[in-house]
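Heads up: the structure comes next, in structure tokens.
No experiment lies behind these values; they were computed from the predicted model shown.
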Amino acid sequence: MTAGTVAATTGPVAARLSFLDRFLAVWILLAMGLGLGLGRLVPGLGDALAKVSVTGVSLPIALGLLVMMYPVLAKVRYDRLDTVTRDRRLLIPSLVINWVAGPAVMFALAWLFLPDLPEYRTGLIIVGLARCIAMVIIWNDLACGDREAAAVLVALNSVFQVIAFSALGWFYLQVLPGWLGLDRTTLDISVWEIARSVLIFLGIPLVAGFATRRIGEKTKGRAWYEAKLIPRIGPFALYGLLFTIVVLFALQGDAITSQPLDVARIALPLLVYFALMWTGSMALGRAAGLGYPRATTLAFTAAGNNFELAIAVAIATFGATSGQALAGVVGPLIEVPVLIGLVHVALAARRRFPEP
């Protein structure tokens, strides 16, 4: 686990978690509430946080994500990655689900639920195009998924994100609506802006995690590294997650709390999306005989989205106060509690899951 490992293989799921992990849903809800409250009650806080940025990248959010991802990536056994790259039962379904099914499902749900709200609809479509490379790592770790598989799938998503994001944006916002006789939207985003997001939010913690394991094992050995160092740095993943959530919701607290009906309209297709993507991917992984760890990794990498990229693209293209940006912010508002709930669903179903 991220903050503490499973202590036994029998007994209720909750009893096998550390105190921090056991009440994680509570901490996350408190962090969301604190962020929303601060954004609503402290005048100018959102604007002040938004100004703390470099070339469009929010430094507080970047800090939180880096602290969150580093411990998990330091746990990855990089010498085992070849066992993942040879597993076509995992790689091919993951690519198809993430880059064919995911954007198509979000496009369909956005038009089905928001036909009369073009700004929110466009924002949701952008969220569907931004495949997850950050928080999915912590959800996967909390659910006892395969860390090495998660590292490989996240790396693949990153490469495809740089290559395919702009093309898919053009297809789903311009070409496909034109074929179907629907309204079109222009999305102007450069490959460099996408690559920069990937390099910051994945590249830095990945290099740091790899270097930490390499140096730690070389100087002290693997036994010391995993028994001594990992337990010390592990809890910082959750600290980083909670900090990121507070900052993220403080940035848009006023917008979210002042437009509750709009938030509810945006939330409904997101709830359906997360449920469909996670359940369908988990079932596919089981049918393919992946076993619990890799099926879980497949499910969480399919269900999560790169909210930081989606929000950055929406703000850069349509403005910080646009409906598209609000839809991007509502994404993690719904994703965070839903996926932490799915972590518990996955852990509860673990015993019934056949091993490969």
Minimum heavy-atom distance T185-Q174, with the two atoms named: O-NE2, 3.1 Å

Within the structure provided, determine whether I334 and I266 are in side-chain contact (heavy-atom separation under 4.5 Å). no

Spell out, as yes or no, whether a donor-acceptor pair under 3.5 Å connects the side chain of R89 to the backbone of G289. yes

Has the side chain of R121 got a donor or acceptor atom that lies under 3.5 Å from a matching backbone atom of P115? yes

Once ring-ring contact (aromatic ring centres under 6.0 Å, His included) is applied, do any residues pair with Y172, and if so which ones, sequence neighbours excluded? F107

Tell me if the aromatic rings of W27 and Y239 count as close, with their centers under 6.0 Å from one another. no

Contact between F243 and V67 at the side-chain level, heavy atoms closer than 4.5 Å - yes or no? no

Option passing side-chain hydrogen bond (donor to acceptor under 3.5 Å, both in side chains) with R77 (candidates E226, E148, E217): E226

Using atom types as modelled and distance alone, determine if a side-chain donor or acceptor of R265 lies under 3.5 Å from a backbone N or O of L114. no

Shortest non-hydrogen contact from P103 to L129? CB-CD2, 3.7 Å

Crowding at CZ, R222 (>12 non-hydrogen neighbours, <6.0 Å): yes

Side-chain heavy atoms under 4.5 angstrom apart, residues restricted to Ile, Leu, Val, Met, Phe, Trp, Tyr: same cluster for L199 and I137? no

So with a 6.0 Å cut-off around OH of Y78, is the heavy-atom count from everything else above 12? yes

Measure from the side-chain N and O atoms of R147 to the backbone N and O of A74, and report whether any donor-acceptor pair falls under 3.5 Å. no

Please answer whether the main-chain N or O of R131 pairs with a side-chain N or O of Q161 as donor and acceptor at a distance below 3.5 Å. yes

Does V159 share a hydrophobic cluster with V313, counting links as ILVMFWY side-chain heavy atoms below 4.5 Å and allowing steps through other members? no

Looking at W224, I want to see if its CH2 is surrounded by more than 12 non-hydrogen atoms of other residues, nucleotides or ligands under 6.0 Å. yes

So which heavy atom on G128 is nearest to which on N305, and how close? CA-ND2, 3.8 Å

Closest non-hydrogen atom pair, A31 against L242: CB-O, 3.9 Å

Please confirm whether the backbone N or O of L276 pairs with a side-chain atom of T279, one donor and one acceptor, at under 3.5 Å? no

Between V76 and L81, is there a side-chain heavy-atom distance shorter than 4.5 Å? yes

Residue pairs, two or more places apart or on separate chains, that pass side chain to side chain donor-acceptor pair (under 3.5 Å) and touch residues 149-158: W99-N157

Between the side chain of S94 and the main-chain N/O of L90, is any donor-acceptor distance below 3.5 Å? no

Report yes if the side chains of Y70 and T212 come closer than 4.5 Å at any heavy-atom pair, otherwise no. yes

Kindly say whether D146 contributes a backbone atom to a donor-acceptor pair with the side chain of T297 at under 3.5 angstrom? yes

C132 to V154 - nearest heavy-atom pair and separation: O-CG2, 4.5 Å

Kindly give the heavy-atom pair with the smallest separation between A302 and S281, and that separation in Å. CB-OG, 3.2 Å

